[in-house]
Peer 1: 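The structure under discussion is supplied below as structure tokens; questions concerning it will follow.
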Amino acid sequence: MIDLAQLRKNPDDFRQAWRARGVSADVDALLALDEQVRALKHQSESLQAEVNAASKAIGQAARTGQDVGAAKEKARQLGDQAKALDEQRGILEQQLGALILTLPNPCLAAVPVGKDSSENTVATTWGEPPTFAFRPKPHWDLGPALDIMDFDRATKLSGSGFVVLKGQGARLSRALISWFLDEHTTSHGYTELAVPLLVQPQAMLGTGQLPKFADQSYACREDDLWLIPTAEVPVTNYHGGEILDAEALPLKYTAHTPCFRREAGAAGLGTRGMTRVHQFDKVEIVWLTAPERSDADLMTLRGHAERLLQQLGLHYRVLELCTGDTGFSSAHTYDLEVWSPGTDSWLEVSSCSTLSDFQARRANLRYR
RNA sequence: GGAAAGGUGGCAGAGCGGCUGAAUGCGUCGGUUUCGAAAACCGAUAGUGCCGCAAGGCACUCGGGGGUUCGAAUCCCCCCCUUUCCGCCA
């Protein structure tokens, strides 16, 4: 979430940033609400200070045997006034809190302004597209033909949007996961985490999945637990509420998890086969780092992701997302897309973002 | 799921409803001493928000939330977590 103190100081910066994202946010209403809350808080605190002083005096007077009846009554009235103000403030504060959680992270000033994915720019391209003497099949044909992917039986188990990997297909997936983790831990200095796949709402809130994407997430309502849509949720919230030692930064974590996404409304174009499914495996890399190194660290992290594609010899390109296509929590995003000869298209395989202080605030994650 | 015990500052561990935002010990930081260090001694050491140029002040925080009271770490209610025992365990 954004820093209200910053909003107070530079409201125009935020107006501009949200406009660039194509988000309509009523900055004036936000500021007015904030002002009211602060004023009420100030008033009730002054009253409370009086009450506290009066209480102290009553205690001392009572010990010397003086009559304190009138003083008690006075203190009670002041206390009631303070309580009334606090109640008002509570209501407004709740409104403000709910509102601020729905506002996306402003993009960094350097991010190209654009309305949607059509205005993303290609930062780099690596390798060459492979050539074939025949027409390569898309994976939804090739996989079943090789008996390494089974979409039909997956549907029998779980409905549309799932896949069963079989034989060498399952083994290939397992090998990639294992190799990714090994590369990140041994070559790039990451610490591997094996994390829960079910998390409490606070964790989903901390990384920005809630409240906005509640309808895109799976939940076990009975236990108030959510299935993670990405390892980013447990990994980032791992240190939630903590004050980290600045000397210890950056903290670099990697984790493999299945990811669960409802993908409501996504059925249709570009969703065939396992291109977009309700459950998939992902190896995540996360840095917790200081603001001043954030930009440089994003490039390093992106390099680590790219390195894997290079070692696999995959032809890929890096997109710099424009403001209109950058995700809710992100301030700056590069997408890595691999060339898919079978579908004659680029497929997103990785997304590298800086979240600035957005998630840190939501997750109450600090350093000093 | 049932029962019992417990959750206090970086850690350990006190805490008659007011003089306790918190004794004491350890740790940490600064100083004295020393050629240097250790030891000893002296002093300082929670967080957040708000006001203030600053010095400083005010409010809130003793697992979380309510309540009683002029006043709650301390009394009452609800919840969460930890430990132990019992039960269950596709």
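Just so we're on the same page: letters track the sequence lines, and every chain starts at 1.
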Peer 1: On a whole-Å scale, what distance lies between the C1' atoms belonging to B:rA46 and B:rG52?
Peer 2: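 To the nearest whole Å, 23 Å.
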Peer 1: Mark yes when over 12 heavy atoms from residues, nucleotides or ligands other than A:Tyr238 sit less than 6.0 Å from its OH; otherwise mark no.
Peer 2: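 It does not: A:Tyr238 OH has 12 such atoms or fewer within range.
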Peer 1: Within this structure, what is the CG-to-P distance between A:Asp34 and B:rC50, rounded to whole angstrom?
Peer 2: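 Nearest whole value for this atom pair: 9 Å.
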Peer 1: For atom P, what is the distance between B:rA44 and B:rG57, given to the nearest Å?
Peer 2: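 About 15 Å, rounded to a whole number of Å.
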Peer 1: Whole angstroms only, please: what is the CG-C1' distance between A:Asp224 and B:rG64?
Peer 2: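 Spelled out: CG on A:Asp224 to C1' on B:rG64 is 15 Å.
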Peer 1: Provide the distance between the two P atoms, one in B:rC80 and one in B:rG13, to the nearest whole Å.
Peer 2: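 So the two P atoms sit 26 Å from each other.
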Peer 1: Expressed as a whole number of angstroms, how long is the span from A:Asp80:CG to B:rG67:P?
Peer 2: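 For the pair A:Asp80 CG and B:rG67 P, the rounded distance is 12 Å.
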Peer 1: Determine whether the side chains of A:Thr326 and A:Thr323 contain a donor N or O and an acceptor N or O closer than 3.5 Å.
Peer 2: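 Side-chain D/A pair, A:Thr326 to A:Thr323: absent.
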Peer 1: Nearest whole Å is fine: how far is B:rC58 C1' from A:Leu78 CG?
Peer 2: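 It works out to 16 Å between those atoms.
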Peer 1: Let me see the working for A:His256 and A:Glu192 under side-chain hydrogen bond (donor to acceptor under 3.5 Å, both in side chains), right down to the final yes or no.
Peer 2: CA-CA 8 Å; A:His256 155 252; A:Glu192 182 177 348; over 6 Å; no
Peer 1: So, A:Asp86 and A:Ser44: side-chain donor and acceptor under 3.5 Å apart, yes or no?
Peer 2: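 Result is yes, a qualifying pair exists.
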Peer 1: Between residues 52-59 of chain A and RNA chain B, which residues have a heavy-atom gap below 4.0 Å?
Peer 2: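 Result for residues 52-59 of chain A: A:Asn52, A:Ser55, A:Ile58, A:Gly59, sorted by number.
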Peer 1: Rounding to the closest angstrom, what is the interatomic distance between B:rC78 and B:rG21 at atom C1'?
Peer 2: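 One C1' to the other, the span is 26 Å.
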Peer 1: Scan side-chain atoms only and decide if A:Asn105 and A:Ser356 contain a donor-acceptor pair under the 3.5 Å cut-off.
Peer 2: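 Side-chain D/A pair, A:Asn105 to A:Ser356: present.
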Peer 1: Please determine whether a side-chain nitrogen or oxygen atom of A:Gln60 lies at a distance below 4.0 Å from atom OP1 or OP2 of B:rC19.
Peer 2: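 No, A:Gln60 has no side-chain N/O under 4.0 Å of OP1/OP2 on B:rC19.
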Peer 1: Round to a whole Å and report the spacing from NE2 of A:His42 to C1' of B:rC58.
Peer 2: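 These atoms are roughly 9 Å apart.
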Peer 1: Suppose you measure atom C1' in B:rG15 against the same atom in B:rC88; what distance do you get, rounded to whole Å?
Peer 2: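 Their C1' atoms lie roughly 41 Å apart.
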Peer 1: Suppose you measure atom C1' in B:rG65 against the same atom in B:rA12; what distance do you get, rounded to whole Å?
Peer 2: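 About 29 Å, rounded to a whole number of Å.
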Peer 1: Across the strands shown, which category fits A:Lys41 at heavy-atom distances under 4.0 angstrom: base, sugar-phosphate, nothing?
Peer 2: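 Sugar-phosphate: the residue A:Lys41, judged by heavy atoms under 4.0 Å, touches backbone atoms but no base.
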Peer 1: Any donor-acceptor pair under 3.5 Å linking the side chain of A:Arg21 with the backbone of A:Gly327?
Peer 2: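 Answer holds: yes.
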Peer 1: Quick one about A:Thr354 and A:Ser294 (side-chain donor to acceptor, distance below 3.5 Å, no hydrogens or angles considered), yes or no?
Peer 2: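 Indeed, the side chains of A:Ser294 and A:Thr354 share at least one donor-acceptor pair under 3.5 Å.
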Peer 1: Looking only at non-hydrogen atoms, find the nearest pair between A:Leu103 and A:Ala25 and report the distance.
Peer 2: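 Taking A:Leu103 first and A:Ala25 second, the nearest heavy atoms are CD2-CB, 3.6 Å.
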Peer 1: Think A:Arg38 has a side-chain N or O under 4.0 angstrom from the OP1 or OP2 of B:rG49?
Peer 2: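 So the side chain of A:Arg38 is outside the cut-off, no N or O lying under 4.0 Å from OP1 or OP2 of B:rG49.
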Peer 1: Could you give the NZ-to-P distance, from A:Lys72 to B:rG71, as a whole number of Å?
Peer 2: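 The distance from NZ of A:Lys72 to P of B:rG71 comes to 10 Å, rounded to the nearest Å.
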Peer 1: Given B:rC60, B:rG49, B:rU48, identify the nucleotide with an atom nearest to the side chain of A:Arg366.
Peer 2: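 Selected nucleotide: B:rU48.
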Peer 1: Please report the interatomic distance CG(A:Leu4) to CG(A:Leu96), rounded to the nearest 0.5 Å.
Peer 2: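 Those atoms lie 5.5 Å apart.
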Peer 1: Evaluate whether atom CD of A:Glu292 has more than 12 neighbouring non-hydrogen atoms of other residues, nucleotides or ligands under 6.0 angstrom away.
Peer 2: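 Counting neighbours around CD of A:Glu292, more than 12 heavy atoms of other residues, nucleotides or ligands fall under 6.0 Å, so yes.
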Peer 1: Could you give the distance separating B:rA22 and B:rA14 at their C1' atoms, to the nearest angstrom?
Peer 2: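 It comes out at 10 Å once rounded to the nearest Å.
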Peer 1: With P as the reference atom in both, quote the distance from B:rG64 to B:rU69 in angstrom, rounded to an integer.
Peer 2: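 Pairwise P distance, B:rG64 against B:rU69, rounds to 23 Å.
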Peer 1: Between atom CD in A:Gln43 and atom P in B:rC51, what is the gap in whole Å?
Peer 2: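 For the pair A:Gln43 CD and B:rC51 P, the rounded distance is 14 Å.
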Peer 1: Can you confirm whether or not the ring centre of A:His184 sits under 6.0 Å from the ring centre of A:Trp179?
Peer 2: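 Between A:His184 and A:Trp179, the centre distance exceeds or equals 6.0 Å.
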Peer 1: Let me have RNA chain B in dot-bracket notation, would you? Count Watson-Crick plus G-U wobble pairs, both distances under 3.5 Å, and use [ ] for pairs crossing earlier ones and | for inter-strand partners.
Peer 2: ((((((((.[[[..)..(.....]]]((((((.......))))))((((((....)))))).[[[[[..)....]]]]])))))))....
Peer 1: Whole angstrom is fine here: how far is it from CD1 in A:Ile243 over to P in B:rG9?
Peer 2: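 For the pair A:Ile243 CD1 and B:rG9 P, the rounded distance is 13 Å.
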Peer 1: Return the 5'-most residue of the pair A:Gly79, A:Ala62 with respect to RNA chain B, ranking by each residue's nearest nucleotide.
Peer 2: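 Its nearest nucleotide lies further toward 5', so the answer is A:Ala62.
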